[in-house]
Amino acid sequence: MADKYSPAEIEAKWQQRWEADGLYHADIDPKRPKHYALTMLPYPSGDLHMGHWYAMTPADAHARYMRMNGFNVMFPMGFDAFGLPAENAAIKRNIHPKEWTYANIKTMRQQMRTMGNMFDWRREAVSSDPEYYRWTQWFFLQLYKKGLAYRKMAAVDWCPKDNTTLAREQVVGEKRVCERCGTPVIKKNLEQWFFRITNYADELLHFEGLDWPEQIRTLQTNWIGRSEGANVTFKTEGGDEFTIFTTRPDTLWGATFMVLAPEHPLVAKVTTQGQKKAVEDYVSEATRRTDIERESMEREKSGMFTGGYAINPVNGERVPIWTADYVLMTYGTGAIMAVPAHDERDFAFARKFDLEVRPVIQAPDAKPLDGKTMTEAAAHYGVMVNSGPLTGTNAEEAVKKTVAYLEKNKLGKGAVGYRIRDWLISRQRYWGAPIPMVYCKTCGVQPVAESELPVVLPDDVEWKPTGESPLKLHPTWKQTTCPNCGEAAERDTDTMDTFMCSSWYFLRYLSPHYDKAPFDPKEYDYWMPVDVYTGGAEHAVMHLLYMRFFWKALRDLGIVEGHEPAMKLRNQGQILAGDHQRMSKSRGNVVDPDELVRQFGADTVRAYLMFGYRWSEGGPWSDENIQGVVRWIFRVWSLFTEGAGGGPRNTAAGQKLCRKAHQTIQSVTRDMEAFEFNTIVSALMELTNVMQEAKDAGAAGGPEWMEAQDILLRLMAPITPHVSEELWARGGKKYSVHLQGWPLADETAAKEDEITLVVQVNGKLRDRITVPADIGENEAKERALASEAVRKQLEGKKPKQVIVVKGKLVNIVV
RNA sequence: GGCUCGGUGGCGGAACUGGCAGACGCAGAGGACUUAAAAUCCUCCGAGGGCAACCUCUUGUGGGUUCGAUUCCCACCCGAGCUACCA
C-alpha cells in the first residue's frame with residue numbers, strides 16, 4: 001500500500017541521519033581529487049530569506065554532483081558577522097550588536113539546516129569571533145609591515161546617516177549614496193587607513209587562467225579604469241615645474257590654457273597679486289563645496305584665472321593657468337593641459353570663460369575645423385595640423401609618435417593612469433575588528449605586537465553611532481602602552497571595513513579553530529585554491545575585487561601561493577517578489593522560505609528555485625508555478641511507491657524508457673557542468689513522464705524499469721536530496737544515495753534508431769519523414785524527393801540544388 | 001553621455017556548432033471520475049484563415065549575409081545593471 005508523501009517527516013529524518021553519520025564531513029584524503037565549492041557567506045542581519053535559498057541550494061546541487069563524480073568535496077558555511085547591517089539592525093531594536101548578531105546566527109544556522117545542504121558545519125567560521133578577527137588583525141599588521149597599509153589625511157566619503165567613512169567602492173549610483181543605507185555621502189577631511197590596492201591595479205586587470213563571467217571581468221576592468229597617455233612637464237613663468245597627465249598627447253599643440261585642481265600646491269604660488277583675493281575665494285568655495293551634499297552639485301563649469309602663465313614645452317607658447325574644480329587632485333597629477341578643441345570638458349570651460357579654441361587634429365574627410373565657430377569638441381583621432389614638427393602625422397601613430405617625440409626631447413614620457421583608488425578601510429563604528437595600531441607621543445604610529453592579538457572589542461561601550469568612533473568614548477579601552485617605548489599611548493579607535501574580514505574567510509574555513517596561524521598549512525596544501533565560487537554579481541567591484549587584491553598581497557608576503565584565490569566563478573541572479581519588485585519588509589512582499597518549507601518541503605522549494613528561472617538571471621517569485629514542481633515530486637513518489645501495475649510486458653515501451661533514461665543522463669550531466677539547473681529539472685520531468693508511459697504500457701518491473709528508477713534517483717539526488725534518499729532506501733538499496741556514483745550514459749542505449757528528417761523546399765518546412773538514424777545522404781535525398789508534399793510544391797519543376805544535413809534535414813532549392 | 005547584458009506565446013522559460021521556434025511547466029478550455037467539490041487522469045492550447053486536408057504570418061523594428069537566421073553582421077527602438085567632470 002502506497003503511503004502519502006510527507007516531506008516534513010522524511011526531511012527531518014534524513015537530516016538527522018546525515019548529521020549523525022557525518023555524511024558531509026570533508027576531510028583531507030590524498031587518494032581522492034579535492035573540490036572546494038564556496039558560496040558567499042551571509043550577513044546575520046535577520047532571517048534567512050529567499051535570496052539565500054536561491055543562491056545556496058543550486059550551489060549545493062552542483063557540489064553534490066561533483067561529489068557523486070568522485071571528488072572529495074568541501075562545501076563550508078559561515079557568517080560575515082561584523083559590520084553595518086547587523087549593527088544597524090541592532091540599533092533599531094536597541095539590542096547590543098553582539099547579542100543580536102549571535103542570536104541571529106543561531107536562528108539562521110537552524111534555518112539553513114532545513115535546506116538539506118551538504119555543509120560541513122565543523123568548518124563554520126564566524127568573523128566576529130575573537131579567534132577569527134585575531135587573524136584579520138594579524139593580516140592588517142602583515143600588510144602594514146609590507147607597506148601596503150598606510151595612513152593619510154584625505155577628503156574621504158562620509159555617510160552622515162551611518163556616521164562613518166566609506167571606501168570608494170561603497171559609494172554607489174548616480175547620487176553617490178552609501179551602499180548600505182542609501183544616504184547621499186558627503187566629503188570630509190580625515191586621517192584614515194588605506195590599503196594600496198592601486199599597487200596591484202595592473203595585475204588585477206589580468207584574468208588569465210580564470211573562468212569568470214565576462215560581466216564581472218568587464219566591471220572590474222572598467223572600475224580599475226586603466227588609460228594610457230603621457231606625463232608632460234610644464235614650467236611656470238616663475239620657473240616652477242609641474243607635470244600634467246594626458247591621454248591625448250597628440251593634441252599638445254592645441255593646449256590653450258592649463259588647469260590646476262583647487263587643492264594643487266602650486267595654485268597659491270602662481271597666483272598673481274591682482275588675482276589673489278579672487279583665487280583664494282574660489283579655492284575656499286570649491287573646498288567647501290565638497291562638504292555640501294553632492295546632489296545639489298551642478299555640472300556647470302566654474303573656475304578662476306590665477307594670473308600666472310606656463311610655457312608649453314613643445315612650442316614655447318605662453319599659456320594662462322586657471323584653477324577649477326573639474327580637475328580632481330586625486331586623479332593623474334591634479335593638473336591638466338586644456339585642449340578645448342578636442343575635449344568636451346575643456347571646450348565647455350573655454351566657451352564659458354571665452355578662452356581660445358585651437359583645432360590641431362583634423363578628420364581626413366571632414367571640413368576643416370574652425371575654433372571660433374565649433375559648437376562641440378572634436379574628440380576623435382585624425383591627422384595632426386598646426387603641430388610643429390609632427391604636423392601631418394595621422395591617427396594611428398599620432399599618439400605614439402608624440403610620446404616618442406616627448407621622450408626624445410626630454411619633455412615628458414609615456415604614462416598610465418588608473419581610476420581605482422586605494423581602499424579606505426577605517427570605520428568609525430563599533431561592530432568591527434579594532435585596528436591593531438597604537439599612537440605614541442614619542443614613537444608615533446606603532447603596530448600592536450602579534451603576541452598581543454587579538455585586540456579585543458569591548459562589550460561595555462556606548463555603541464550607538466555619534467559620529468565619533470564608539471571606542472574613543474570608552475573610559476579606559478584606548479589607554480595602553482607603546483609597544484616600542486613602553487610609555488602611555490593610545491589605541492586606534494576605528495574598526496576595520498567588514499570587507500576586510502570577508503577577503504580571507506575561505507582560508508579560515510580550512511581550519512577555523514587553528515591557533516598558530518590564520519590557517520593550517522596541511523589543510524591549505526590539500527584544499528586550495530577554491531574550485532568553484534558562487535554568489536551575487538553585485539559584489540563585482542567590492543568583495544570580488546578586494547578578495548583578489550588581498551590574495552595577491554598575501555602571495556607577495558609569502559603566505560599563500562598562486563595568483564588567484566578562486567578559479568571559477570558563477571553568479572546567480574536575484575529572486576524578486578511576485579510584483580517584480582525587490583522583496584522587502586517595507587513593501588510587504590516578502591515570501592518566507594520557512595513557510596514554504598512547512599507547506600511543501602525543502603525538496604520542492606529547492607527544485608522550484610532551480611526549475612523556475614535561469615539561475616544566472618533570477619526573476620519574480622510565483623506561487624502558481626511552484627505547483628508544477630509539487631505535482632512532479634508527487635508523481636515521482638507515486639511512481640516508486642505504487643504497485644507495478646499489471647498488463648503484459650511491453651518491450652517497445654521498455655526500450656523507449658531505456659533510451660530516454662540514458663539521454664537524460666547526457667543532458668543532465670551537460671547542464672550540471674554549465675550550471676543550468678532549469679533544464680536539468682525539465683529533463684528529469686520528461687524522464688518521469690516517459691516512466692509513467694512505460695508503466696501504463698506494462699513495462700514496470702522489467703529490467704529497463706529498474707534501471708530507469710536507479711538512474712532517476714541518482715540524477716535527482718543533488719536537486720532533491722531527501723526524497724531521493726527516502727525512495728532509494730525504500731527500494732532496498734544501500735545507504736546512501738549520496739554516496740553513489742554519478743550514472744554514466746551508455747551512448748548506444750541513448751541513440752535513436754529512427755529519426756524525423758525535416759524536408760524543406762526553399763528553406764520552408766514542407767514535410768517530415770521518419771527514416772533510420774544512419775540513413776545515407778543519397779537515400780535521404782531520394783526519400784525527400786519522393787515525398788508527396790514535396791512533389792506538390794515542386795509542381796514538376798527541377799530542383800536546382802539539394803542540401804542534406806546528416807540526421808537533421810533535406811532542403812530542396814528550386 | 002560611456003560601457004555591459006538582455007528583448008521569444010497570457011506567464012516562467014527551452015532551442016547544444018546557422019538547420020522542425022515555443023521543450024518542460026504554470027495559467028486557460030473541454031472531458032472522465034464524483035451527489036458535489038478538491039485532488040487525480042485524458043484531450044486541446046502562438047496568431048489569422050479554412051468544414052477539412054492545408055495555407056499564411058510570427059523570436060523588439062528595419063536592412064544585410066546564407067539554400068536556410070531566435071542564433072552571424074549593420075542601423076535603430078525599448079528595458080536592466082554598472083559608471084559618470086578620471087583629463
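Order of the sequence lines fixes the chain letters, A, B, ..., with proteins taken first and strands second; residue numbering starts at 1 for each chain.
Across all strands shown, the partner of B:U40 is B:A32, judged by Watson-Crick or G-U wobble contacts whose two distances both fall under 3.5 Å. Remark: B:C51 base-pairs with no nucleotide in the shown strands. Criterion, Watson-Crick or G-U wobble with two distances under 3.5 Å. Under the Watson-Crick and G-U wobble criteria, each requiring two contacts below 3.5 Å, nucleotide B:G19 is paired to B:C67. The partner of B:C45 cannot be assigned: no Watson-Crick or G-U wobble pair with both contacts below 3.5 Å exists in any strand. Across all strands shown, B:C85 forms no Watson-Crick or G-U wobble pair with both distances under 3.5 Å. Under the Watson-Crick and G-U wobble criteria, each requiring two contacts below 3.5 Å, nucleotide B:G6 is paired to B:C78.
One atom, CD1 of A:Ile719, and another, P of B:C24, lie 18 Å apart when rounded to the nearest Å. When the C1' atom of B:A14 is taken as reference, atom CD of A:Glu617 falls 14 Å away, rounded to whole Å. At whole-Å resolution of the value, CE in A:Met685 and C1' in B:G13 are 12 Å apart. To the nearest angstrom, P of B:U83 lies 13 Å from CD1 of A:Ile420. When rounded to the nearest whole Å, the span between CG of A:Asp671 and C1' of B:A15 equals 12 Å. The CG-P distance, from A:Asp343 to B:A87, rounds to 9 Å in whole Å. Following rounding to the nearest Å, A:Arg766 (CZ) and B:C20 (P) show an atom-to-atom distance of 16 Å. Rounding to whole angstrom units, CD1 of residue A:Ile680 and P of B:G25 are separated by 16 Å.
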Mark up nucleotides 40-50 of chain B, 5' to 3', with B wherever a protein heavy atom is under 4.0 angstrom from a base atom, S wherever such an atom reaches only the sugar-phosphate, and - elsewhere. SS---------
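Across the P atoms, B:U71 and B:U61 are found 11 Å apart, a figure rounded to whole Å. B:C3 and B:A75: their P atoms are spaced 12 Å apart (whole Å). Between the C1' atoms of B:G64 and B:G12, the separation comes to 34 Å (whole Å).
Using a 4.0 Å cut-off, no side-chain N or O of A:Arg419 falls inside it from OP1 or OP2 of B:G2. Applying the 4.0 Å criterion to OP1 and OP2 of B:A87, one finds that A:Ser227 has a side-chain N or O inside that range. Contact annotation: A:Asn625 does not reach the phosphate of B:C24 (side-chain N/O to OP1 or OP2, under 4.0 Å). Between A:Asn678 and the phosphate of B:A14, there is a side-chain N or O to OP1/OP2 separation shorter than 4.0 Å.
The side chain of A:Glu624 lies closest to B:C26 when the candidates are B:C26, B:C82, B:A23. Comparing B:A87, B:A84, B:C20 by their nearest atom to the side chain of A:Gln760 picks out B:C20. Which of B:G19, B:G25, B:U83 sits closest to the side chain of A:Phe611 comes down to B:G25. Distance from the side chain of A:Lys764 is smallest to B:C57 among B:U4, B:C67, B:C57. Distance from the side chain of A:Leu765 is smallest for B:C20 among the nucleotides B:C82, B:C57, B:C20. You'll find that the side chain of A:Tyr613 is closest to B:G12, out of B:A87, B:A15, B:G12. Considering only side-chain atoms of A:Asn689, the nucleotide from B:G13, B:G25, B:C67 that sits closest is B:G25. In this structure, of B:A87, B:A27, B:C85, it is B:C85 that holds the atom nearest to the side chain of A:Tyr326. Looking at the side chain of A:Val813, the nearest of the listed nucleotides B:C67, B:C3, B:G19 is B:C67. Out of B:C67, B:A14, B:C3, the shortest distance to the side chain of A:Asn222 is found at B:C3.
At a threshold of 4.0 angstrom between heavy atoms, the contacts of A:Thr246 are confined to the sugar-phosphate backbone, with no base atom among them.
By the 4.5 Å heavy-atom criterion applied to side chains, A:Pro7 and A:Phe600 are not counted as neighbours. Considering only heavy atoms from C-beta on, A:Thr256 stays 4.5 Å or farther from A:Val357 through its side chain.
Taking 3.5 Å as the limit, the base of B:C85 and the side chain of A:Lys301 contain a donor-acceptor pair of atoms between them.
Shown here, B:G63 is classed anti by the O4'-C1'-N9-C4 or O4'-C1'-N1-C2 angle, which is more than 90° from 0.
Between A:Tyr613 and A:Tyr608, the gap from one ring centroid to the other is short of 6.0 Å. In this structure, A:Phe634 has its ring center at least 6.0 angstrom away from the ring center of A:Tyr5.
Seen from the ring of A:Trp223, A:Arg419 counts as a face-on cation partner, given the 6.0 Å and 45° thresholds. Both tests hold for A:Arg248 against A:Tyr381: distance to the six-membered ring centre under 6.0 Å, angle to the ring axis within 45°. Geometrically, A:Arg570 does not engage A:Trp615 in a cation-pi contact defined by less than 6.0 Å to the ring centre and at most 45° from the axis.
Residue-environment remark: NZ (A:Lys352) exceeds the threshold of 12 foreign heavy atoms within 6.0 Å. Other residues, nucleotides and ligands contribute at most 12 non-hydrogen atoms within 6.0 Å of the CD atom of A:Glu344.
Comparing A:Leu809 and A:Leu328 along RNA chain B, the residue whose closest nucleotide (by nearest heavy atom) sits nearer the 5' end is A:Leu809. If A:Gln215 and A:Gly618 are placed on RNA chain B by their nearest nucleotide, the residue sitting closer to the 5' end is A:Gln215.
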Which pairs of donor and acceptor atoms, one on a side chain in residues 331-341 of chain A, lie under 3.5 Å apart (sequence neighbours left out)?
{"residue": "A:Tyr331", "atom": "OH", "partner": "A:Ser227", "partner atom": "OG", "Å": "3.1"}
{"residue": "A:Thr333", "atom": "OG1", "partner": "A:Thr243", "partner atom": "O", "Å": "2.6"}
{"residue": "A:Thr333", "atom": "OG1", "partner": "A:Ala335", "partner atom": "O", "Å": "3.3"}

